[in-house]
Structure formats: C-alpha cells, structure tokens
Amino acid sequence: MSHQEVNRELWRGLAAEYVEPARRDWASPEPAWGIWRIPEAEVEAIPDVDGLDTIELGCGTAYFSGWLARRGARPVGIDQSAEQLATARAMQAQHGLEFPLIQADAEDVPLPGASFDFALSEYGASLWCDPARWIPEAARLLRSGGRLVFLTHAPMLLMCTPLSGEAASERLERPQFGGLGRVGWEDENGPSVNFHLPHGEMISRLREASFEIEALHELRPPEDASTSYDFVTLEWARRWPSEEIWVARKR
C-alpha cells in the first residue's frame with residue numbers, strides 16, 4: 001500500500017477523536033501551534049494575511065484556515081480524509097465561516113499553479129506527505145514571493161524516540177543517517193507513515209523547490225504547558241526541541 005492509502009485508513013478510524021479538539025480550536029480566538037499549543041503571538045511565524053489567497057495542505061479539521069479567515073484571508077483547505085473534512089464543514093457551519101474544502105492529496109493538488117500567496121501546514125502535509133513531492137507542489141501553487149510556513153516534529157525528537165514507539169528518551173535511539181526519511185509506525189490505531197528530514201536535507205529540498213529560508217523556529221513549551229499526546233514529555237521538550245516551524249519564501 002502507498003503511504004497515502006495507509007494514512008487515509010488510519011484517519012478513517014481516528015477522525016472521531018479529533019471532533020472535540022476541533023471544537024476547542026475553532027472556538028479559540030487566536031492561533032496556537034502544535035501539541036503544546038504555543039500562541040502564534042509568541043512565535044510570530046504567520047505574516048499579515050489580510051486579503052491574501054491561502055492554502056492549508058493537509059488541513060484536517062481546518063481550524064488553522066478558520067483562524068486565517070478571521071484575519072482577512074481567503075483560505076482553501078486540502079485534505080485526503082473525508083472524515084476530517086466532515087468535521088471541518090460542521091465547524092464552518094457552527095462558526096459562520098465558509099471557504100472551500102477539497103478532498104485531495106496534498107502531493108497532487110487539483111488546482112492551478114500560482115494561485116496562492118501563502119501556504120500553511122501544521123502537522124498536515126509537513127508530517128504525512130513525502131517532502132520530495134509536497135514541497136515542490138507547494139512551490140507550484142504559490143505565486144512568486146509567496147510564503148510557505150509549516151510545523152513538524154524536530155529531528156532530535158525522532159532520533160530519541162525508541163523503535164518501539166515509546167516516549168522520547170534522553171539517549172539517541174536511532175541514527176540520523178538512515179534512520180530518518182520515511183518512518184513507519186504501528187500501534188493500537190493501526191499502521192501509519194510519517195516523513196522526517198534532518199535539517200540539511202530539508203534545506204536542500206526547500207532550495208531545490210525555489211524557496212529561500214527566512215526562519216526556523218525551534219519551539220520550547222512554557223513551564224505550565226500540557227498535551228494529550230504521550231510520545232514526548234514536557235520535561236523532555238523543555239530541554240530539547242520536539243517541534244519546529246519553517247518559514248520560506250518562493251523566489
């Protein structure tokens with residue numbers, strides 16, 4: 001099976017668990033990043049999007065696109081999970097926001113090139129899609145000078161995560177050379193496939209797709225942060241980066 005098929009089946013079963021988080025995030029007045037919900041006001045990774053055409057690649061329940069719409073953007077959400085998009089549409093109706101939601105693979109978006117000013121992925125395409133395909137696709141969709149902003153796991157987190165899938169430890173559990181790239185998982189929810197690149201390879205992928213890197217934010221949660229995910233502890237994430245946000249501009 002392709003990674004798209006594996007992950008689509010995973011989200012068919014997981015989507016119901018993300019309805020309540022969607023309600024919380026859609027109701028929140030301000031954007032927050034990642035599993036630690038770090039306020040965008042502290043990170044400052046998103047430019048002024050008022051009047052911009054934006055696309056969220058792997059939007060899930062589309063709460064981030066909802067935030068962008070409230071900031072004056074004209075968003076479009078792309079996701080391959082029909083179940084996640086159903087939740088997104090329910091949230092749109094509840095909050096009186098309407099924008100296109102398209103069921104499609106973020107590696108092959110059925111929209112014309114140079115249609116957007118801003119592309120975003122928060123644990124969407126940036127985690128579940130092949131960077132050799134989704135990053136060039138983001139570049140195709142963006143107009144010259146458009147920005148790409150995406151959040152994903154930091155390489156350090158993966159290198160400290162045991163092959164068994166237990167929480168990240170304080171030792172290197174897998175090599176950087178040969179241990180990253182396409183990473184398969186198996187747990188009670190079934191198999192899944194993620195993609196993780198070391199920084200050198202990520203820089204190369206972005207530059208090959210005509211992006212200039214403007215910033216890399218290695219996120220550190222505040223002391224009182226909490227998360228519902230168990231693959232990393234707050235103590236660990238306070239010492240080493242578990243999440244990172246890349247900001248790039250299309251040449």
Side-chain angles (χ1 to χ4, degrees), residues 1-4 6-7 10-11 14 32-38 42-43 45 57-58 60 106-107 120-136 138 148-209 211 213-223 225-248:
M1 293 176 67
S2 68
H3 63 272
Q4 293 99 329
V6 171
N7 291 334
L10 175 79
W11 282 102
L14 280 181
W33 289 100
I35 67 169
W36 304 109
R37 297 184 54 75
I38 299 174
E42 295 180 13
V43 181
L57 299 169
E107 297 177 10
L120 169 78
S121 179
E122 190 217 23
Y123 284 140
S126 56
L127 181 65
W128 302 95
C129 292
D130 185 347
R133 297 189 61 193
W134 84 261
I135 290 176
L148 169 64
V149 176
F150 62 94
L151 175 141
T152 189
H153 294 313
M156 179 65 74
L157 175 64
L158 267 292
M159 289 187 286
C160 290
T161 298
L163 297 178
S164 62
E166 297 173 1
S169 73
E170 296 185 6
R171 55 178 286 175
L172 291 174
E173 301 281 358
R174 66 180 77 205
Q176 175 171 316
F177 301 126
L180 301 182
R182 176 177 169 140
V183 179
W185 304 97
E186 180 80 45
D187 59 22
E188 66 274 9
N189 297 309
S192 62
V193 178
N194 295 165
F195 291 86
H196 308 274
L197 294 185
H199 287 162
E201 289 186 39
M202 182 63 79
I203 290 169
S204 295
R205 289 291 180 195
L206 288 166
R207 290 185 61 81
E208 288 167 3
F211 284 110
I213 298 162
E214 294 189 333
L216 171 60
H217 302 273
E218 295 176 302
L219 301 184
R220 187 184 190 198
E223 293 285 359
S226 63
T227 181
S228 60
Y229 296 91
D230 59 6
F231 57 81
V232 63
T233 65
L234 177 59
E235 180 183 13
W236 194 100
R238 289 284 302 162
R239 300 174 68 188
W240 300 286
S242 60
E243 301 178 300
E244 59 189 29
I245 298 173
W246 292 78
V247 181

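In this structure, the separation between NE2 on His3 and CG on Leu10 is 13.5 Å, given to the nearest 0.5 Å. In this structure, CG on Leu172 lies 6.5 Å from CE on Met156, to the nearest 0.5 angstrom. Atoms CG and CD1, from Leu219 and Ile35 in turn, are 10.0 Å apart once rounded to the nearest 0.5 Å.
A search for salt bridge (Lys or Arg N to Asp or Glu O under 4.0 Å) contacts involving Glu244 returns nothing, not counting sequence neighbours. Glu235 is linked by a salt bridge (Lys or Arg N to Asp or Glu O under 4.0 Å) to nothing, counting only residues two or more places apart in sequence or in another chain. Taking Glu186 as the reference, nothing meets the side chain to side chain donor-acceptor pair (under 3.5 Å) condition, with sequence neighbours excluded. Under the ring pair (Phe, Tyr, Trp, His ring centres under 6.0 Å) criterion, His217 pairs with no residue at all, not counting sequence neighbours. With sequence neighbours excluded, no residue satisfies salt bridge (Lys or Arg N to Asp or Glu O under 4.0 Å) with Arg182. When the side chain to side chain donor-acceptor pair (under 3.5 Å) test is applied to Glu214, the partners found at least two apart in sequence or on another chain are Arg147, Arg249. For Trp33, the side chain to side chain donor-acceptor pair (under 3.5 Å) criterion is met by Glu40, not counting sequence neighbours. Taking the side chain to side chain donor-acceptor pair (under 3.5 Å) definition, one finds that Asn194 meets it with Trp185, sequence neighbours left out. Residues satisfying the ring pair (Phe, Tyr, Trp, His ring centres under 6.0 Å) criterion with Trp236, sequence neighbours excluded, are Trp240. Partners of Arg220 by salt bridge (Lys or Arg N to Asp or Glu O under 4.0 Å), not counting sequence neighbours: none found.
In summary, the side chains of Trp134 and Ser121 do not present any donor paired with an acceptor at a separation below 3.5 Å, with no hydrogens or angles considered. Counting only N and O atoms by type, the side chains of Ser126 and Thr152 include no donor and acceptor under 3.5 Å apart.
Scanning both residues, Cys160 and Pro162, for their nearest heavy atoms gives O-CD, 3.5 Å. Ala106 approaches Leu57 most closely through the heavy-atom pair CB-CB, 4.1 Å. Phe211 and Ala138 make their closest contact through CZ-C, 4.3 Å (heavy atoms, listed as atom of the first residue, atom of the second, distance). Scanning both residues, Gly34 and Glu122, for their nearest heavy atoms gives N-OE2, 2.6 Å. The two atoms that bring Arg205 and Pro131 nearest to each other are CD-O, 4.4 Å, heavy atoms only.
For the salt bridge (charged side-chain N to carboxylate O under 4.0 Å, His left out) condition, the pairs that include at least one residue of residues 160-170, sequence neighbours left out, are Glu170-Arg239. Listed by first then second residue, pairs satisfying ring-ring contact (aromatic ring centres under 6.0 Å, His included) with a partner in residues 151-172 read Tyr123-His153, His153-His196, His153-Phe231, not counting sequence neighbours.
Not a single donor-acceptor pair under 3.5 Å links the side chain of Glu107 to the backbone N or O of Cys129. Checking side-chain atoms of Ser242 against main-chain N and O of Ala237 turns up no donor-acceptor pair under 3.5 Å. Proximity of a side-chain donor or acceptor of Gln176 to a complementary backbone N or O of Met159 within less than 3.5 Å is not detected. In this structure a side-chain-to-backbone donor-acceptor pair under 3.5 Å is missing from Arg174 to Leu180. Between the side chain of Asn7 and the backbone N or O of Val193, at least one donor-acceptor pair lies under 3.5 Å.
Paired with Ser204 under the rule side-chain contact (heavy atoms from CB on, under 4.5 Å), one option of Met202, Glu208, Glu201 passes, and it is Glu208.
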Test Ile135 against Leu206 for side chain to side chain contact (heavy atoms under 4.5 Å, CB included), laying out the working first. CA-CA 7 Å; Ile135 290 176; Leu206 288 166; 4.0 Å; yes
Stepwise side chain to side chain contact (heavy atoms under 4.5 Å, CB included) check, Trp36 with Leu234: CA-CA 9 Å; Trp36 304 109; Leu234 177 59; 4.0 Å; yes
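For the pair Leu127/Phe150, no side-chain contact is recorded, criterion being any heavy-atom separation below 4.5 Å from C-beta on. At a threshold of 4.5 Å between non-hydrogen side-chain atoms, the residues Val149 and Ile245 count as touching. Counting only heavy atoms from C-beta outward, the side chains of Trp128 and Ser192 approach each other to under 4.5 Å. Counting heavy atoms from C-beta outward, Pro155 and His199 have side chains that approach closer than 4.5 Å.
Annotation: Arg207, atom CZ; neighbour count of heavy atoms from other residues, nucleotides and ligands within 6.0 Å does not exceed 12.
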